[in-house]
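See structure below.
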Protein chains: 2
Amino acid sequence: MRYRRGDIVERALGILDQHGLPDLSMRRIATELGLQPSALYHHFASKQELLAAVADELLDRGARAERDQEEWDTSVITLSHELRDAMLAYRDGAELVATVQAFGLGGRTPVTRLTAAVESAGFDAAFARAAAMTVLHFVFGHVSDEQTHRQANSAGAIDADPLVRADTASFDLGLSLILEGIRQRQPDSAKID
Amino acid sequence: MRYRRGDIVERALGILDQHGLPDLSMRRIATELGLQPSALYHHFASKQELLAAVADELLDRGARAERDQEEWDTSVITLSHELRDAMLAYRDGAELVATVQAFGLGGRTPVTRLTAAVESAGFDAAFARAAAMTVLHFVFGHVSDEQTHRQANSAGAIDADPLVRADTASFDLGLSLILEGIRQRQPDSAKID
DNA sequence: ACCTGAACACCGTTCAAGT
DNA sequence: ACCTGAACACCGTTCAAGT
């Protein structure tokens, strides 16, 4: 069989969701595709590069179309929830994204969109980027914790639904703290708009 | 030779700092101590447990003594900088702490101390914990980014000092956003104290 | 209590060679 | 362009046995 990058990423996402990040090895991906491990190196220079492509695809699948005419803070909230939902949609999704981030790889789409939302409130580019990174660090960290603790509790017979609701509440609370901090610095001229 | 847990953690910290997290293998630790790899399993049930002990030791070394009689926000700022400095003091320190966190392991000392600081401002325990986690996620994420980009730039002949200063400024900015968000929710009764 | 020796079941990556 | 086959240099973990 002959594959393209997209086919390999697709299969990797399947392994991730069904068996988790520890089982997402080059050899496992190759075997499931009926390939020799070395064949993957025709498509990706390294495992890190492959994982970055998988993480980007995972995040892309959670991204909705641009909705303009929104308040900047509504945009930030929406984008943050899209990121959270995208990572929660796949087993170990947050850990994968964190790993790719630690490599210094991964697409810049999330930070770009968050930065644009903050800039639309009238902030300069440097502040907007720092504020966007603060939101992003919170989102990645919170969702990572959520998935870690959900995995720990999935052994028992605990109903997951109340946990998800509690996680969502603390997610919204943490996010609102950062948003309020940003609002406090908003230039007066922009508040009128 | 006969070793105790502390000796093994000590040697692991040395390998981490000199060779980085990817080289921190059970076999490498054992070899450097003149042991068989299997000997380590007398002291630690798994590599994850060993890494958790290493991360806790790393964070402990950056912790100063309790200083009472401080404003709550000064305490949060000081604790955050101590955590940052502790992770920056060792190569791949932030990535190690993040890995241990993703296992659901690692000591609760940082979150406990941050929560106590926020509670001292008059907040209830649930809010204080959520606020402390928001700070913690920001600190871990920011320092992780710092170390990732510093490693990327250390190949070139760039002077690191201006970068460190810029990182510190954006760290302080992000932290101040969260603190301002917390202040906005402060109960009126507590503001007088 | 602490360690050895040997084994099991894996890894990521390279590279010449095939079609 | 895409893949095979074989090899290299590693992993974490288990377990009987030693002292």
Side-chain angles (χ1 to χ4, degrees), chain A residues 1-16 18-55 91-92 95-96 98-106 148 151 155, chain B residues 1-16 18-56 91-92 95-96 98-106 148 151:
Chain A
M1 261 296 184
R2 244 129 227 258
Y3 295 103
R4 294 208 221 65
R5 280 172 68 102
D7 305 318
I8 295 165
V9 168
E10 179 71 41
R11 186 60 89 144
L13 270 172
I15 295 170
L16 176 73
Q18 291 180 33
H19 306 280
L21 191 57
D23 280 21
L24 190 55
S25 67
M26 298 298 271
R27 295 180 109 101
R28 171 78 107 118
I29 298 166
T31 300
E32 291 213 358
L33 291 170
L35 292 176
Q36 296 294 320
S38 52
L40 299 177
Y41 290 86
H42 190 80
H43 302 277
F44 300 93
S46 65
K47 185 185 183 181
Q48 295 189 0
E49 199 185 291
L50 192 158
L51 289 183
V54 174
R91 162 123 80 126
D92 292 347
E95 208 187 331
L96 170 69
T99 300
V100 167
Q101 264 248 343
F103 293 158
L105 302 175
T148 299
Q151 206 151 347
Chain B
M1 261 296 182
R2 246 132 227 258
Y3 296 103
R4 293 207 222 66
R5 280 173 67 103
D7 305 317
I8 295 165
V9 168
E10 179 71 43
R11 186 61 89 143
L13 270 172
I15 295 170
L16 177 73
Q18 290 180 34
H19 306 281
L21 191 56
D23 280 22
L24 190 55
S25 68
M26 297 299 270
R27 295 180 109 100
R28 172 77 107 115
I29 298 166
T31 300
E32 292 214 358
L33 291 169
L35 293 175
Q36 296 295 320
S38 51
L40 299 177
Y41 290 85
H42 190 81
H43 301 277
F44 301 93
S46 65
K47 185 184 183 182
Q48 295 189 358
E49 198 184 293
L50 191 158
L51 288 183
V54 174
D56 287 347
R91 160 122 83 127
D92 292 345
E95 208 187 330
L96 171 69
T99 300
V100 168
Q101 263 249 345
F103 294 156
L105 302 175
T148 300
Q151 206 151 345

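Below, chain A is the first sequence line, B the second, and so on; all start at residue 1. Everything numeric in this text was worked out from a predicted model, so none of it was measured.
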- Task: Apply side chain to side chain contact (heavy atoms under 4.5 Å, CB included) to A:V54 and A:V100, showing your working.
- Result: CA-CA 9 Å; A:V54 174; A:V100 167; over 6 Å; no
How many whole angstroms separate atom [atom1] of [X] from atom [atom2] of [N]?
X	N	atom1	atom2	value
B:L24	D:dC11	CG	C1'	13 Å
A:E49	C:dG12	CD	P	15 Å
B:R28	D:dG12	CZ	P	12 Å
A:I29	C:dT13	CD1	P	11 Å
A:Y41	C:dA17	OH	P	22 Å
A:K47	C:dC11	NZ	P	9 Å
B:M26	C:dC10	CE	C1'	16 Å

- Message: I need the A:H43 NE2 to A:I8 CD1 distance, nearest 0.5 Å.
- Response: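 One finds 4.0 Å between NE2 of A:H43 and CD1 of A:I8.
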Please give me the minimum heavy-atom distance between [X] and [Y], naming the atom from each residue.
X	Y	result
A:L105	A:Q48	CD1-O, 3.8 Å
A:R91	A:Q18	NH2-O, 2.9 Å
B:S46	B:Y41	CA-CE2, 4.1 Å
B:L40	B:M26	CD1-O, 3.2 Å

- Would you call B:L24 and B:D92 a side-chain contact if the rule is heavy atoms closer than 4.5 Å?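 Heavy-atom side-chain distance check fails, nothing below 4.5 Å.
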- Do B:D7 and B:R4 touch side chain to side chain, with heavy atoms closer than 4.5 Å?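 Side chain of B:D7 against side chain of B:R4, heavy atoms only: contact under 4.5 Å found.
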- Nearest-Å distance once atom C1' is located in both D:dC10 and C:dC8: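 The same atom, C1', in both gives a distance of 15 Å.
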- Tell me, with the steps shown, if A:L33 and A:M1 meet side chain to side chain contact (heavy atoms under 4.5 Å, CB included). CA-CA 8 Å; A:L33 291 170; A:M1 261 296 184; over 6 Å; no
- Message: In dot-bracket form, 5' to 3', how is DNA chain D paired? Count Watson-Crick and G-U wobble pairs only if both distances fall under 3.5 Å, and write | where the partner sits on another strand.
- Response: ||.|||||...|||||.||
Nucleotides 2-5 of chain D: which of its N/O atoms have a protein N/O under 3.5 Å away?
from, atom 1, to, atom 2, distance (Å)
D:dC3, OP1, A:M1, O, 2.7
D:dC3, OP1, A:Y3, N, 2.8
D:dC3, OP2, A:H43, NE2, 2.6
D:dT4, OP2, A:Q36, N, 2.8
D:dG5, O6, A:S38, OG, 2.6

